[in-house]
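One structure is given here, and the rest of the page talks about it.
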Amino acid sequence: MLYIKDLPKHEGQEVELKGWNAQKRDSKGLVFMTFRDGTGFCQAVIDLNVVGETSFEAAKRLPQESSLSIKGKVIKDERQIGGYEIQVSALQVIAEAEDYPITPKEHGVDFLMDKRHLWLRSRRQWAIMRTRNEIIYSIHRFFQERGFVQMDAPIFTGNACEGTTTLFETDYYGEPAYLSQSGQLYGEAMAMAQGLIYTFGPTFRAEKSKTRRHLSEFWMIEPEMAFYDLKMDMDLIEDFVRYVVSSVLDKCKEELKVLERDTTYLEKVREPFIRMKYEDAVSVIRGEKDVNGRTSLQMLADEEAALKDEKLKLEAEIKEREEKIAGGTLKKGEINFNQNKIDKLKNEIKDLEEKLSNIPQWLNSAKNFKRGDDFGGSDETVLTKMFGQPVMVYNWPQEVKAFYMKEDETDKGYAKGVDLLAPEGYGEVVGGGERETDIERLKRKIVEHQLPMSAFEWYLDLRKFGNVPHAGFGLGLERLVAWICGLQHIRETIPFPRSYGRLLP
RNA sequence: UCCUCGAUAGCUCAGCUGGUUAGAGCACAUGACUGUUAAUCAUGGGGUCCCUGGUUCGAGCCCAGGUCGGGGAGCCA
């Protein structure tokens with residue numbers, strides 16, 4: 001079998017490809033088909049004089065997303081998708097498609113989500129899934145190259161690891177069992193057996209969240225390292241994120257191009273990440289401390305001005321296009337083209353207005369941020385917008401972090417936890433830290449967090465038998481994919497998203 | 001759970017202070033066009049205006065309740 005991705009090696013040769021008709025245009029004696037085969041897209045040109053009347057008529061009538069095989073010559077043509085086109089000499093229809101619901105036009109999210117099984121075929125979704133694949137592969141490469149052992153943590157659990165979050169409850173032979181919201185505690189056990197481990201598995205959170213950052217089912221990567229402290233943990237996080245992002249920049253150039261991803265901020269992972277203590281981050285958020293001469297309050301004001309400016313520009317463009325149409329000298333096709341542009345611009349303005357309406361809230365939340373609180377979504381956004389590169393915030397107030405976080409002995413009241421915040425408003429991508437080793441303190445905190453001691457007996461055993469300092473972190477795969485691909489919504493990062501209110505397809 | 005916006009053709013939307021037979025574009029179908037890249041031209045089919053109730057001579061439009069969806073807060077990766 002030959003695939004589109006191999007076309008450059010077969011320039012000038014006659015090849016056979018099997019795939020689907022992604023889109024076509026026809027004129028009297030020619031059909032131009034955007035052909036896809038899973039490995040890529042290319043244009044196939046079907047000429048009446050070459051293929052004969054029967055094949056030509058078949059091609060002309062072929063509905064979108066019908067499957068077919070084509071034979072033809074590979075011609076280099078820089079203007080085409082992928083840089084090559086096929087001049088078809090023969091074609092055979094495999095299966096004619098019914099009316100395809102997804103058209104090369106704007107669609108609403110809900111409609112597309114209902115058609116997710118078909119939406120995955122579109123060029124943009126294709127690029128996202130390919131990038132996701134590279135991210136997954138590079139995560140495994142990173143850990144395997146460093147001698148980490150991959151482990152699978154159980155999905156049914158009897159204990160609520162962090163307690164506070166809503167869990168999916170299931171019936172487990174008459175006992176309540178929860179779908180895992182983290183494999184970390186099991187990872188700690190395995191780290192005591194293997195030294196360096198990582199989990200890579202599904203995670204479930206029954207949060208009734210309807211935001212672009214949440215899923216009910218997502219994939220998490222959780223390494224755990226014996227004899228690591230917070231500093232080593234942070235070094236590993238930084239190396240890890242740098243490795244994965246660099247590898248995508250390196251291997252998914254075409255995909256990022258399809259996604260029209262501006263890679264400026266991604267390139268910044270090659271520079272050292274910002275590291276700051278929680279207390280300093282709070283000062284930055286509250287506008288008490290500036291970054292490169294600018295406070296958060298000034299940054300938000302600048303941001304607001306920029307958005308308003310952008311909005312004016314878009315409105316001007318709409319007006320200009322409307323006047324063009326009203327002028328009456330345009331051809332019908334040109335009117336459609338302009339009308340489509342106007343619709344698109346209107347949607348962009350809606351987005352801008354929403355962002356604009358958020359800014360006063362952010363400003364308010366930033367000014368009034370209470371020391372000791374956990375960061376909200378807007379606080380993370382404000383902080384990362386100050387830097388434009390990944391920021392690691394460490395030494396958090398103990399109360400806002402999980403019971404297993406180790407207290408910093410030199411910084412009482414603070415836990416040796418770290419969050420990595422991605423730039424461009426993507427927020428928390430990694431959360432981790434050094435684990436509490438003092439068994440008495442652990443027991444006390446389990447009680448304080450109102451967790452059932454009996455479910456944690458096995459975990460406490462880890463402190464009784466060869467207790468060692470250790471650390472780890474958790475990475476939300478979908479948030480990483482969203483950031484790297486520059487996606488508006490986390491729903492697009494996973495083949496079949498499970499979110500509040502959606503179980504199909 | 002709370003705040004906020006929305007639901008009109010297969011899709012994306014318009015529909016004025018309530019007033020005859022609810023519109024456009026795309027998609028689809030038919031025909032014309034020899035190189036297109038969401039930009040050619042013509043014709044055609046296509047509607048339970050989310051549901052229930054109310055106000056009114058009259059409701060796509062107003063009111064109440066509900067359902068579903070978008071965005072956000074909370075919570076989080």
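All values below come from the heavy atoms of this structure, side chains included, with hydrogens, waters and symmetry mates left out. Residue numbers begin at 1 in each chain, while the letters A, B, ... track the order of the sequences.
Using a 4.5 Å heavy-atom threshold, the side chains of Leu487(A) and Arg124(A) count as touching. Looking only at side-chain heavy atoms (C-beta outward), Phe375(A) and Tyr278(A) come within less than 4.5 Å of each other. Residues Gln43(A) and Phe32(A) are in side-chain contact: their nearest non-hydrogen atoms beyond the backbone lie under 4.5 Å apart. By the 4.5 Å heavy-atom criterion applied to side chains, Ile155(A) and Phe204(A) are counted as neighbours.
Out of rC76(B), rG35(B), rC28(B), the shortest distance to the side chain of Glu380(A) is found at rC76(B). Here the nucleotide nearest the side chain of Gln361(A), chosen from rG72(B), rA77(B), rU30(B), is rG72(B). Across rU36(B), rA77(B), rC33(B), the shortest atom-to-atom separation from the side chain of Lys60(A) is found for rC33(B). Proximity note for Ser27(A) (side chain, C-beta onward) versus rA27(B), rG35(B), rC76(B): the nearest is rG35(B). Which of rA77(B), rU36(B), rC28(B) sits closest to the side chain of Arg205(A) comes down to rA77(B). Minimum atom distance to the side chain of Arg25(A) is reached by rU36(B), of the listed rU36(B), rC76(B), rC11(B). Nearest to the side chain of Arg79(A), among rC33(B), rU37(B), rA77(B), sits rU37(B). When distances are taken from the side chain of Gln87(A) to each of rG35(B), rG69(B), rC11(B), the shortest belongs to rG35(B). Comparing atom distances between the Thr211(A) side chain and each of rG72(B), rA77(B), rU30(B) picks out rG72(B) as nearest.
If you check every strand for non-hydrogen atoms under 4.0 Å, Gly427(A) touches nothing. Contact annotation for Arg61(A): backbone-only contact, meaning every heavy-atom pair under 4.0 Å involves sugar-phosphate atoms and none involves a base. Within the nucleic acid shown, Val430(A) comes within 4.0 Å of sugar-phosphate atoms alone, with no base atom in reach, counting heavy atoms only. The residue His214(A) sits close to a base: some heavy atom pair falls under 4.0 Å. When heavy atoms are screened at a 4.0 angstrom cut-off, Asn49(A) is found touching base atoms of the nucleic acid.
Using C1' as the reference atom, rG46(B) and rG23(B) are 13 Å apart when rounded to the nearest Å. rG60(B) and rU20(B) have their C1' atoms separated by 15 Å, given to the nearest Å. One C1' atom belongs to rC16(B), the other to rC68(B), and the distance between them is 29 Å to the nearest Å. Only the P atoms considered, rA29(B) is 33 Å distant from rG71(B), to the nearest whole Å. Separation of the C1' atoms belonging to rC13(B) and rC49(B) is 13 Å when rounded to the nearest angstrom. Of the C1' atoms belonging to rC26(B) and rG45(B), the separation is 16 Å, rounded to the nearest Å. When the P atom is compared between rA38(B) and rC76(B), the two are found 45 Å apart, to the nearest whole Å. Separating the P atom of rC33(B) from that of rC41(B) is a span of 16 Å, rounded to the nearest Å.
Pairs of Watson-Crick or G-U wobble type, with distances under 3.5 Å, assemble into runs of 3 or more in RNA chain B at these ranges: B:1-7 with B:67-73, B:10-13 with B:23-26, B:28-32 with B:40-44, B:50-54 with B:62-66.
For Arg479(A) and rC76(B), a side-chain-to-base donor-acceptor distance below 3.5 Å is present, hydrogens and geometry of angles not being considered. Side-chain atoms of Glu85(A) and base atoms of rG35(B) include a donor and an acceptor less than 3.5 Å apart. In this model, no side-chain donor or acceptor of Gln23(A) finds a partner on the base of rU36(B) within 3.5 Å.
In terms of phosphate contacts, Arg212(A) brings a side-chain nitrogen or oxygen within less than 4.0 Å of OP1 or OP2 of rG72(B). In this model, the phosphate group of rA73(B) is approached by a side-chain N or O of Arg213(A) to a distance below 4.0 Å at OP1 or OP2. At the phosphate of rG71(B), OP1 or OP2 sits under 4.0 Å from a side-chain N or O atom of His489(A).
For the pair Leu480(A) CG and rC76(B) P, the interatomic distance rounds to 21 Å; values are reported in whole Å. Asp114(A) places its CG atom 18 Å from the P atom of rA7(B), with the value rounded to the nearest Å. Summarising the geometry, the separation between CG on Leu30(A) and P on rU37(B) is reported as 13 Å, rounded to the nearest angstrom. Atom pair Tyr84(A):OH and rG35(B):C1' shows a separation of 20 Å (rounding to whole Å applied). We find that CD of Gln64(A) is positioned 10 Å from P of rA27(B), with the value rounded to whole Å. Atom CG in Asp26(A) sits about 15 Å away from atom P in rC41(B), given to the nearest Å. Whole-Å rounding puts the Tyr500(A) OH to rG74(B) C1' distance at 14 Å. For the pair Asn364(A) CG and rG72(B) C1', the computed distance is 15 Å after rounding to whole Å.
Shown for residues 215-222 of chain A: residues whose heavy atoms fall under 4.0 angstrom of RNA chain B, namely Leu215(A), Phe218(A), Met220(A).
Mapping Lys28(A) and Tyr100(A) onto RNA chain B by nearest heavy atom places Tyr100(A) closer to the 5' end of the strand. The residue among Arg491(A) and Val429(A) whose nearest nucleotide of RNA chain B lies closer to the 5′ end is Arg491(A).
Applying the 6.0 Å contact sphere to NZ of Lys71(A) captures no more than 12 heavy atoms from other residues, nucleotides or ligands.
Between Arg261(A) and Glu255(A) there is no salt bridge, since no side-chain nitrogen of the basic residue lies less than 4.0 Å from a carboxylate oxygen of the acidic one. Salt bridge absent: Lys385(A) and Glu424(A) never bring a charged side-chain N and a carboxylate O closer than 4.0 Å. Salt bridge Arg435(A)/Glu224(A): present, at least one basic N to carboxylate O contact under 4.0 Å.
Looking only at atom types and distance, the side chain of Ser365(A) has a donor-acceptor partner in the side chain of Ser378(A) under 3.5 Å away. Between the side chains of His470(A) and Glu188(A), at least one donor-acceptor pair of N or O atoms lies under 3.5 Å.
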Taking only distance into account, with no hydrogens and no angle test, what donor-acceptor pairs under 3.5 Å do side-chain atoms of residues 496-505 of chain A form with protein atoms, sequence neighbours excluded?
unit_1, atom_1, unit_2, atom_2, d
Arg498(A), NH1, Leu503(A), O, 3.4
Arg498(A), NH1, Pro505(A), O, 3.1
Arg498(A), NH2, Leu503(A), O, 3.3
Arg498(A), NH2, Pro505(A), O, 3.3
Arg502(A), NH1, Asp114(A), OD1, 3.0
Arg502(A), NH1, Leu504(A), O, 2.7
Arg502(A), NH2, Asp110(A), OD1, 3.0
Arg502(A), NH2, Asp114(A), OD1, 3.2

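For Phe143(A) and Phe200(A), the gap between ring centers reaches or exceeds 6.0 Å. Here Phe41(A) and Trp126(A) bring their ring centres to under 6.0 angstrom of each other.
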